[in-house]
Structures are given as structure tokens and as C-alpha cells.
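Just so it is clear, the model here is predicted, and its values are computed rather than measured. Just so you know, ligand 1 is whichever comes first in the structure, and atom 1 is the first atom listed for that ligand.
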Amino acid sequence: MKITDVEAIHLTLPERQAIADGTQDAIIICVHTDEGVTGIGEVDSSPHVIKAVIEAPMSHSLCHGLKGVLLGEDPLDVDRLWEKMYRASIFYGRRGAAVQAMSGVDIALWDIAGKASGRPIHKLLGGGYRSEMRAYASTLFEDTPEGMAKSVARHREQGFTAIKFGWGVFGKDSKHDERLVAAARREAGDDMDILVDAGLVFNASTAIRTARMLESYNVFWFEEPLPPDDYEGYAKLADAVDIPIAAGEEESTRYGFADLMDRGRIDVVQPDVTRAGGISESKKIADMAHRRNLPCVPHAWSTGIIVAASLQLIAAIPNALFLEYCTWDSPLRWELVDEQFPLHDGRVAIPDKPGLGIELNEEVIERYRVA
Ligand code: MG
């Protein structure tokens, strides 16, 4: 089998949403082959930048768009092609957009491998650790205590047993922060887990103070209170408090995650399969976390493609804990693929169809495609 084309499809909703929430636009990667099998991937990043990384012509053997080094290759050599892409982009890459674009290709290559062999990706990764995973509802902070209570009630009605609030107003006023968390806890009672994602707004000392407040409401974890490069701040925080500290959605590659785990001493490792280096690299990162006895909970906040890819990773690693289940209302989240991943008792089944187990909705692609 040979790769015949690598397509980067840019989708945008016609109207800009009030909050930049990551489901405003999308870039889908399709890897085509001479045997008629097409692999699907996605990158949760700037579609314009990712498209350029895929399509750029060669400037130098170490500075090459990804498509040019993939054409004619055997798509089943997933690991070798990862290294080939990494080397071909090393001048402008190693982290950031280049590794993110590689992530979309890597997911598509695994989809091809699954479809070609008739197996779900997690079986090819030697997985099969589980057939379902507990999901947490992932949503944004509401502005008021009443809004928080309503959001908890709504998500509980949908069947969730855990909910994460992120970003928005959190971190601007410590008294208001506490009112919001208290309202969520009051509505949730003791049965539902509450998680908090701060959105990079604190320094080590304000994060420590906030972490102690969250501990008093038995919050499950405290996510990304600090900027992603503040490894020393993360270490200070992790040493000072008991609440687990989660991070990793801006991080990529084994090299970056080694710093986050060993210098930052975080407790929950969150590679995003569409940014950290794909399913291949996220599996390696999860293995590194397992070696340190840490759980790995893939970050996932965009379309159904990332949900499908994250579920395959989750099934293939021993240290998974949750599926992040974005409940944000966007047609790109809910209509792009043919699978809805319904909840049963707060859990989502791992698809066991070949590859990612999804098909793209061509009508939705036509509706929102801009490039
Ligand atoms: Mg987050």
C-alpha cells in the first residue's frame, strides 16, 4: 500500500461564537492510499498554520512540508513515518505546530492500519485494557452560582457522574471563585465528582491558595493553574497541596512531557492526541506516566474525531482514568462524524469497528469547508 495524497481540510463555522472555545473551526487530515483506504485525523490548532505545515514545499531536507515526505510511503510504517516527519520538520518544528500537524497525520495512519486489518486501533497497539471508560463532562465556568448549579443539574440529567468546569471567569476574584465552586458542590452533593480547570491564570502562590480552597470542596483535580512553561511553579504547587494537579494539553512529545512530569511533578498527565504527537506519541507519553505511577487522561475538546482517537488510546493504556467528553454545543462537535458516543451509566463504550470506527459526514464537510 502507498500514500497517494495528504489532504488538509479546513472547516469554519460561518458565525464567530461568543467564546473562542476550540469548536469554532477544525482541520481534518485525510491520508489517501492506492488501495482505496483513507485514514482520518484531526488537529486542534490553527487550521491555517497546520495546512501550511502539511503543504509547504521543501526548503531543505530538515525543513520540509509533511505531505512531500509522505507521498509514496507505506502508511503501515507508522513509527518510521513519525520519525521521518519529525526529522523533515526539525528546523521549524520539534514542538508546536509541526508536531501538531504530525499528530493529525499519525491518527490518520493508525486509522488506515485499522481499516486495512479490520481491527480497532487499540488492538493493533496491544491494548484491550477495557471496553468502556467513565466520562467526565467538560464544559466552561458559568458566571454565577445559579448558572453553576444549573449546569451541574443539566449534566447529571444527561447521565454524567463527573463534571469539569474550565476557564471563563475563574481566577479573577478569589471570593467569586469560591462561590462558584460552592454552588457546584451544593448541587452535585457527594455523588458527583467536580473538576476544575483554571486556564493558566495563576502563579505558584495564588495557585496554592486556590488549591486549598478547592480541597475544602473535595474537588477531584486542579487543572492547568499555571502557564505551561512554569515547571518550577508546578513543582512548588504539587509539593504544597494534596489535590491532584493535572496538566499537559499544551505540551508535546516525550521530551516535553518528561519535563512536565519530572520537573513539574504533576499528578495527572493530559496529552492531547491531536497535538502531542498523535496516537503513537501519546501512547509513549502514557507509558512514561505509567512508569511514574501516574494516570493519563487525554485532553479532548474539539470534534468527534478526537473523541474516537482518544477512546482508542484509552483502551490501549493501563493507566487511563477518564474520557474527557466535551459537551459544548457546536455542529463541528456533534455532526462531523457518524458516531455520537452515547453515555451508559456515565460511561462510553470503546468502539470496536476497524480503525477509529467513524465515518466523516460529507454533507457537514461541504457545508463548512473553506479550504
Ligand atoms: Mg484544560
Side-chain angles (χ1 to χ4, degrees), residues 17 19-24 26 42-46 95-96 100 103 133-142 148 151 155 160 162-172 177 180-181 184 193-203 206-207 210-211 214 219-231 233-234 237-238 241 243-252 256-257 259-261 264 266-277 282 285-286 289 294-303 306-307 309-310 313-314 320-328 330 332-333:
Q17 301 192 341
I19 304 167
D21 59 62
T23 45
Q24 170 72 40
E42 171 184 17
V43 185
D44 184 4
S45 186
S46 163
R95 305 290 189 276
Q100 294 170 356
S103 306
M133 188 77 234
R134 186 182 177 202
Y136 73 79
S138 190
T139 188
L140 302 179
F141 265 98
E142 301 289 336
M148 294 293 287
S151 184
H155 285 95
F160 288 101
I163 180 167
K164 184 176 87 183
F165 291 100
W167 299 72
V169 295
F170 195 78
K172 295 189 175 71
D177 291 348
L180 296 179
V181 174
D193 283 311
I194 293 173
L195 297 70
V196 166
D197 181 354
L200 318 173
V201 292
F202 294 111
N203 59 37
T206 52
T210 306
L214 297 177
V219 168
F220 193 93
W221 79 43
F222 188 20
E223 177 173 329
E224 285 209 324
L226 305 178
D229 298 307
D230 188 6
Y231 300 118
Y234 269 109
L237 170 64
V241 299
I243 185 172
I245 305 301
E249 70 185 80
E250 283 93 21
E251 198 61 80
S252 64
F257 274 89
D259 278 338
L260 195 55
M261 289 185 242
I266 59 162
D267 303 293
V268 181
V269 182
Q270 298 178 291
D272 181 312
V273 289
T274 76
R275 291 201 288 252
S282 298
I285 291 161
L294 300 175
C296 178
V297 181
H299 171 264
W301 178 275
S302 45
T303 76
I306 196 174
V307 178
S310 299
L313 175 68
I314 282 168
L321 181 63
F322 272 123
L323 168 71
E324 176 167 10
Y325 197 100
C326 169
T327 61
W328 201 249
S330 159
L332 295 179
R333 167 69 182 89

Note to self: Students often mix this up, so state it plainly: with edges at 30° and 60°, are the rings of Phe170 and Phe222 parallel, tilted or perpendicular?
What the structure shows: perpendicular

Check: Parallel, tilted or perpendicular: which fits the ring planes of Trp328 and Trp301, with parallel below 30° and perpendicular above 60°?
Finding: tilted

Next item on the list: Return the set of protein N, O or S atoms whose distance to the Mg ion (ligand 1) is under 2.8 Å, each given as residue and atom.
Entry: Asp197 OD2, Glu223 OE2, Glu249 OE1

Item checked: Face-on cation placement of Arg275 at Phe257 ring, 6.0 Å and 45° thresholds -> no

Margin query: Using 0.5 Å steps for rounding, measure from the NE2 atom of His155 to the OG1 atom of Thr327.
Written below: 3.0 Å

Checklist line | ring pair (Phe, Tyr, Trp, His ring centres under 6.0 Å) involving Tyr231 - partner list, sequence neighbours excluded | finding: none

Notebook entry, point to check: Is a side-chain donor or acceptor of Gln100 paired with a backbone partner of Val43 at a separation under 3.5 angstrom?
Noted result: no

